[in-house]
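Report on the structure given below.
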Amino acid sequence: MAAGMVEAMFVFGSSLVDNGNNNFLNGSRAVRADYLPYGVDFQLGPTGRFSNGRNTIDALGELLLLPAGGRIPTFADPATTGRAALRGVNFASGGSGILDDTGKATGEVLSLEQQITNFEAVTLPDLRAQLQRANDRKMKGHDFFDRCYMPKSLFVIGTGGNDYLLNYFRPRNSGETRPDLSDFTRALVARLSAHLQRLYALGARKFVIFSIQPIGCSPVVRASLNVTAAACVKPVNAAALLFNSELRSLVDAAGPSMPGASFSMIDSYKITMDVLDHPMKHGITETYKPCCSEMGPSGVLCRKGGPICSDRTEYLFFDGLHPTDVVNARIARKGYGSASPEEAYPINVKKLAML
């Protein structure tokens, strides 16, 4: 195996795991984080990560001992070809969701379907050709790619929250009815299952899936309903919990349709709620207000060049939705090494990597 615990890590999802793909999209001005104060504590400055520092993917990459300090290159960067893609590629796009129409109102985003198409049509053939050339003399290159490289790579999916915030809970036009929450959630998880099966058909065998975080506690949701007390918006959290429960059932039921596949579901909801419920234990003093005190028009993103808190390690949220570096690192650390199935189910990422 290559240096590190896995051959590569391929990432799909929304802004919680996007490393900067939206920087390269012409129409995504509304969903970009390539300006200060984003990246204020990140080694490379503002890169398109929706945090003051690392996101969960960066922190997970560090724990898995991936090169470049665990940083995975973005698909949309023209430099991410050839050897640069060998240890993984990040396809995620801020504002996207599981459903194709989620996020379209925010500007140009790459849907999960398009992200997987980018992997299938561009990255996969490129990697296969590279590894076949490199391994033809040792063993059949085709065999190495299909038997060693793909099964030893992690496929990470972090998405779903936007399907509720930008889709299910969006304001409705007169006469337009909101679908039943249970029906919407079942359809959403069924669509996610189809995406996972598509990746499986392409050779993916190890899946890391992030649950939805407690989005009802996020500053943007609380502000939209004028919640000023230290409280979360229960109906929005209830939707997240329903999705997470269905996600766990998906993992349990995947065996027959995806033989040989293994999963680690990281329960970001549980891990984040532990910080919300016991902030002092984690060195957090502000659990509800965002670190950046002036927001852009969406209420989600920090205003460009706007003021921020002096000590980001004391805040849970950096902007209206996204956690700070310290919280992202905690989610990654728990997902990687926790022995509790309430935090990493049915096994943690470290055990998944070692299979």
Side-chain angles (χ1 to χ4, degrees), residues 6 9-14 16-17 56 60 91-92 96-100 102 111-113 115-117 119-120 146 150-164 167-168 179-215 237-271 273 331 334-336 338-355:
V6 293
M9 182 161 73
F10 300 102
V11 182
F12 307 85
S14 63
L16 290 165
V17 295
T56 51
L60 197 56
F91 298 86
S96 69
I98 295 166
L99 303 175
D100 288 350
T102 292
S111 67
L112 185 56
E113 172 124 8
Q115 293 173 36
I116 298 172
T117 295
F119 171 71
E120 179 179 15
D146 292 323
M150 287 291 281
K152 295 290 184 185
S153 295
L154 291 186
F155 288 77
V156 184
I157 296 94
T159 188
N162 287 337
D163 293 290
Y164 290 98
N167 195 327
Y168 182 81
D180 176 76
L181 180 63
S182 296
D183 292 344
F184 178 86
T185 300
R186 275 193 295 270
L188 191 60
V189 173
R191 190 79 190 97
L192 178 60
S193 178
H195 289 309
L196 295 176
Q197 289 180 52
R198 185 179 170 199
L199 286 169
Y200 176 86
L202 295 173
R205 290 299 179 268
K206 294 183 178 183
F207 295 90
V208 177
I209 310 176
F210 286 94
S211 80
I212 296 180
Q213 298 187 9
I215 48 179
N237 273 354
L241 284 169
L242 182 60
F243 175 89
N244 295 343
S245 174
E246 292 284 344
L247 186 60
R248 190 176 277 237
S249 298
L250 184 160
V251 169
D252 287 336
S257 59
M258 301 168 70
S262 301
F263 294 84
S264 177
M265 173 186 156
I266 300 177
D267 199 331
S268 309
Y269 189 103
K270 165 79 165 61
I271 298 163
M273 283 305 293
I331 293 169
K334 286 287 189 179
Y336 176 80
S338 177
S340 168
E342 290 187 353
E343 295 174 331
Y345 179 81
I347 56 174
N348 61 38
V349 175
K350 183 179 182 181
K351 288 183 177 175
L352 180 69
M354 293 170 70
L355 289 177

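From a predicted model like this one, the values you see are computed outputs, not experimental measurements.
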Backbone of Lys270 reached by a side-chain donor or acceptor of Lys334 within 3.5 Å: no
Gln115 side chain to Gly13 main-chain N or O, any donor-acceptor pair under 3.5 Å? yes
Between CD1 of Ile157 and OG of Ser14, what distance do you get to the nearest 0.5 Å? 12.0 Å
Between Ser264 and Ile347 the two heavy atoms that sit nearest each other are OG-O, 2.7 Å
Looking only at heavy atoms, the pair that brings Leu355 and Lys152 closest together is O-NZ, 3.0 Å
If you measure from CE on Met265 to CG on Asn348, what distance do you get to the nearest 0.5 Å? 14.5 Å
Contacts of Phe184 meeting ring-ring contact (aromatic ring centres under 6.0 Å, His included) (sequence neighbours excluded), chain-then-number -> Tyr164, Tyr168
Of all the heavy-atom pairs spanning Met150 and Leu202, show the shortest one and how long it is. CE-O, 3.2 Å
Are the side chains of Leu242 and Ser182 in contact, using a 4.5 Å heavy-atom criterion? yes
Can you tell me if Tyr200 uses its side chain to pair, donor with acceptor, with the backbone of Pro259 under 3.5 Å? yes
Test side-chain contact (heavy atoms from CB on, under 4.5 Å) on Tyr269 and Leu241 and set out the steps. CA-CA 8 Å; Tyr269 189 103; Leu241 284 169; 3.5 Å; yes
Rounded to the nearest 0.5 angstrom, the CG-OG distance for Leu250 and Ser193 is 4.5 Å
Roughly how far apart are Ile331 CD1 and Gln213 CD, rounded to 0.5 Å? 4.0 Å
Shortest non-hydrogen contact between Ala261 and Phe263, atoms and distance: CB-CE1, 4.0 Å
Between Ser262 (side chain) and Lys206 (backbone), is there a donor-acceptor pair under 3.5 Å? no
Is it true that a side-chain atom of Asp163 and a backbone atom of Thr102 form a donor plus acceptor pair closer than 3.5 Å? no
I'd like to know if the side chain of Ser338 and the backbone of Ala344 have a donor-acceptor N/O pair within less than 3.5 Å. no
Would you confirm whether Ser257, through its side chain, and Ala254, through its main-chain N or O, come within 3.5 Å as a donor-acceptor pair? yes
Can you spot which of Phe207, Phe210, Phe10 makes a side-chain contact (heavy atoms from CB on, under 4.5 Å) with Val156? Phe210
Spatial distance of atom CG (Leu192) from atom CZ (Phe243) [nearest 0.5 Å]: 5.5 Å
Would you say that Thr56 contacts Ile266 through its side chain, given a criterion of any heavy-atom pair below 4.5 Å between the two side chains? no
Roughly how far, to the nearest 0.5 Å, is CG of Leu112 from NE2 of His195? 4.5 Å
Looking only at heavy atoms, what is the nearest atom pair of Gly335 and Ile271, with distance? N-CD1, 4.4 Å
Flag, side chain of Asn244 to backbone of Ile212, donor-acceptor distance under 3.5 Å: yes
Check: Glu113 main-chain N/O paired with Arg198 side-chain donor or acceptor under 3.5 Å: yes
Would you call the rings of Phe12 and Phe119 parallel, tilted or perpendicular, where under 30° means parallel and over 60° means perpendicular? perpendicular
Looking only at non-hydrogen atoms, find the nearest pair between Pro214 and Ser268 and report the distance. CD-O, 4.2 Å
